[in-house]
Amino acid sequence: MSFTKINHYEKEYLDEHHDSALNVTSGVADQPIVNPHFVRRKKRALSTPQYVEGILRGDITTLSQAITLIESSNPDHYAQAQEIIEKCLPHAGRSIRIGITGVPGAGKSTFIEAVGGMVTSLRHKLAVLAIDPSSERSGGSILGDKTRMESISTNPHVFIRPSPSAGSLGGVARKTRETIVLCEAAGFDVIFIETVGVGQSETAVHSMVDMFMLLQIAGAGDELQGIKRGIMEMADIMVITKADGENIHRAGLAQTQFQGALRLFPVPESGWRPKVYTCSAVARTGLEEVWKGVEEYLDFIRANGYFEHNRNRQNKYWMFETINETLKSSFYHDPRVEAALETYQKQVLDAQISSFVAAHRLLDLYFGKER
């Protein structure tokens, strides 16, 4: 017995009742989503003098485009970006650079928004470089920090630039240092660098700022175990956030605990004893005390010469970091290394040679010392 499918009956019925309302007309063909007559106009690229002129004039659009050049992996963009940085260097260096980090949930963006409004009211121009974590799988970033700073994002005296960490050390974007130079040349005299969060590599932030500010929350368990000692030793100021409502007492207790713990650490090279403050970005309390602490610290290190000493040391550090990064990029893009890399990798995986021998042979190949 054969089995007859339902569509057999449907076809038979439609053949007999071809004028039935069940018949489906062919209808109108789908229209193109994009206008076929639309021609995308290529944006005119600016010359290096035009970029520099716009940055020195304080034009935000030109500044943003120049930062995009810095972050680009295109070799042509890199060359032009270095020219722009070189011409902007004489106009840079006249700002205070503050690194802001803290445990996840400490309210870094909310804190920056609240303090930023107060800083601009003091006739400062503020640049916020927010480092956003990149996905290890896709490499993408949300870059949503600007949406969390609504009240200052429309302020003409504030420039907010979210950048992807792109897997770089400590959550600091690879080109943040160069971005600082352009922001200073554009007239921003206060620069906040908001990092991804507390990690073992926050020294990357510490190596490019004048002041390192650590945000912490109270009531999250054992306060002194909630953060690594190495980060606490780098902090010049610690701020207990969300000190409002029922959390005021816990914030005060955490302030006492942290202040006592910081006294046990050796005196930093700057000679400054770190202080602990409490504040609430929502209730707008304690913010003036925090900023007075910032000014007090900066006056202290300028008076004893540490400010200039630290800047010089950082310039030297980043010179060597740039050399290391350039050498690494040159090594992996060398045609001889690219051709031999897979072979040596296979030999290592097959246990034919050790990782160290393979590395040395590749380096010898790169430097022209192949046996």
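Because only heavy atoms are used, hydrogens play no part in the values below, and waters and symmetry mates are left out as well, while side chains stay in.
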* **Residue list, salt bridge (Lys or Arg N to Asp or Glu O under 4.0 Å) with D210, at least two apart or on another chain** => R311
* Can you tell me if H309 uses its side chain to pair, donor with acceptor, with the backbone of G305 under 3.5 Å? -> no
* To do: Determine, stepwise, if the pair V357 / Y344 fulfils side-chain contact (heavy atoms from CB on, under 4.5 Å).
  => CA-CA 9 Å; V357 171; Y344 281 110; over 6 Å; no
* Asked: Under 3.5 Å, is there a donor-acceptor pair between the side chain of Q259 and the main chain of P274?
  -> yes
* Asked: Hey, does V267 have a side-chain heavy atom less than 4.5 Å from the side chain of R273?
  -> yes
* Would a 4.5 Å heavy-atom cut-off, applied to side chains only, mark V294 and M213 as touching? -> yes
* Taking side chain as C-beta onward, heavy atoms only, is R361 less than 4.5 Å from I353? -> yes
* Asked: Can F300 be reached from Y277 by stepping across I, L, V, M, F, W or Y side chains whose heavy atoms are under 4.5 Å apart?
  -> yes
* To do: Determine yes or no for a side-chain-to-main-chain donor-acceptor pair under 3.5 angstrom, with S330 supplying the side chain and T326 the backbone.
  => no
* Search all heavy atoms of K87 against all heavy atoms of P90 and return the closest pair with its distance. => O-CD, 3.4 Å
* Contacts of Y297 that satisfy ring-ring contact (aromatic ring centres under 6.0 Å, His included) - sequence neighbours left out -> W272
* Asked: Is F265 linked to V276 within one hydrophobic cluster, defined over Ile, Leu, Val, Met, Phe, Trp and Tyr using a side-chain heavy-atom separation of less than 4.5 Å?
  -> yes
* Heavy atoms, side chains only, cut-off 4.5 Å: are L63 and I67 in contact? -> yes
* To do: Go through the steps for R161 and E71 under the test side-chain contact (heavy atoms from CB on, under 4.5 Å), then give the verdict.
  => CA-CA 12 Å; R161 175 73 182 202; E71 295 176 347; 3.2 Å; yes
* Can L89 be reached from I70 by stepping across I, L, V, M, F, W or Y side chains whose heavy atoms are under 4.5 Å apart? -> yes
* Do any pairs count as a salt bridge (charged side-chain N to carboxylate O under 4.0 Å, His left out) and have a residue in residues 331-352, sequence neighbours left out, and if so which ones? -> D334-R336, K346-D350
* Asked: Taking it one step at a time, do I98 and V209 satisfy side-chain contact (heavy atoms from CB on, under 4.5 Å)?
  -> CA-CA 5 Å; I98 301 175; V209 297; 5.9 Å; no
* Asked: Can any side-chain N or O of S270 pair as donor or acceptor with the backbone N or O of Y306 at less than 3.5 Å?
  -> no
* Does any N or O in the side chain of S121 come within less than 3.5 Å of the main-chain N or O of M118, such that one atom is a donor and the other an acceptor? -> yes
* Structure fact -> By salt bridge (Lys or Arg N to Asp or Glu O under 4.0 Å), E269 pairs with (sequence neighbours left out) R313
* Asked: Which is it for I193 and T176 under the side-chain contact (heavy atoms from CB on, under 4.5 Å) test, yes or no, and what are the steps along the way?
  -> CA-CA 9 Å; I193 303 175; T176 302; 4.2 Å; yes
* Any donor-acceptor N/O pair, Q80 side chain to L46 backbone, under 3.5 Å -> yes
* ring-ring contact (aromatic ring centres under 6.0 Å, His included) with F331: which residues, sequence neighbours excluded? -> Y366
* Asked: In terms of hydrophobic clusters joined by side-chain contacts under 4.5 Å, are M232 and L253 together?
  -> no
* Without swapping roles, check the side chain of T322 against the backbone of W318 for a donor-acceptor pair under 3.5 Å. => yes
* Does the K108 side chain pair with the main chain of A130, one donor and one acceptor, at a distance under 3.5 Å? -> no
* **Closest non-hydrogen atom pair between S151 and E113, with its separation** => OG-OE2, 2.7 Å
* Asked: Can you pull the salt bridge (charged side-chain N to carboxylate O under 4.0 Å, His left out) pairs that have at least one residue in residues 282-304, sequence neighbours excluded?
  -> K275-E296
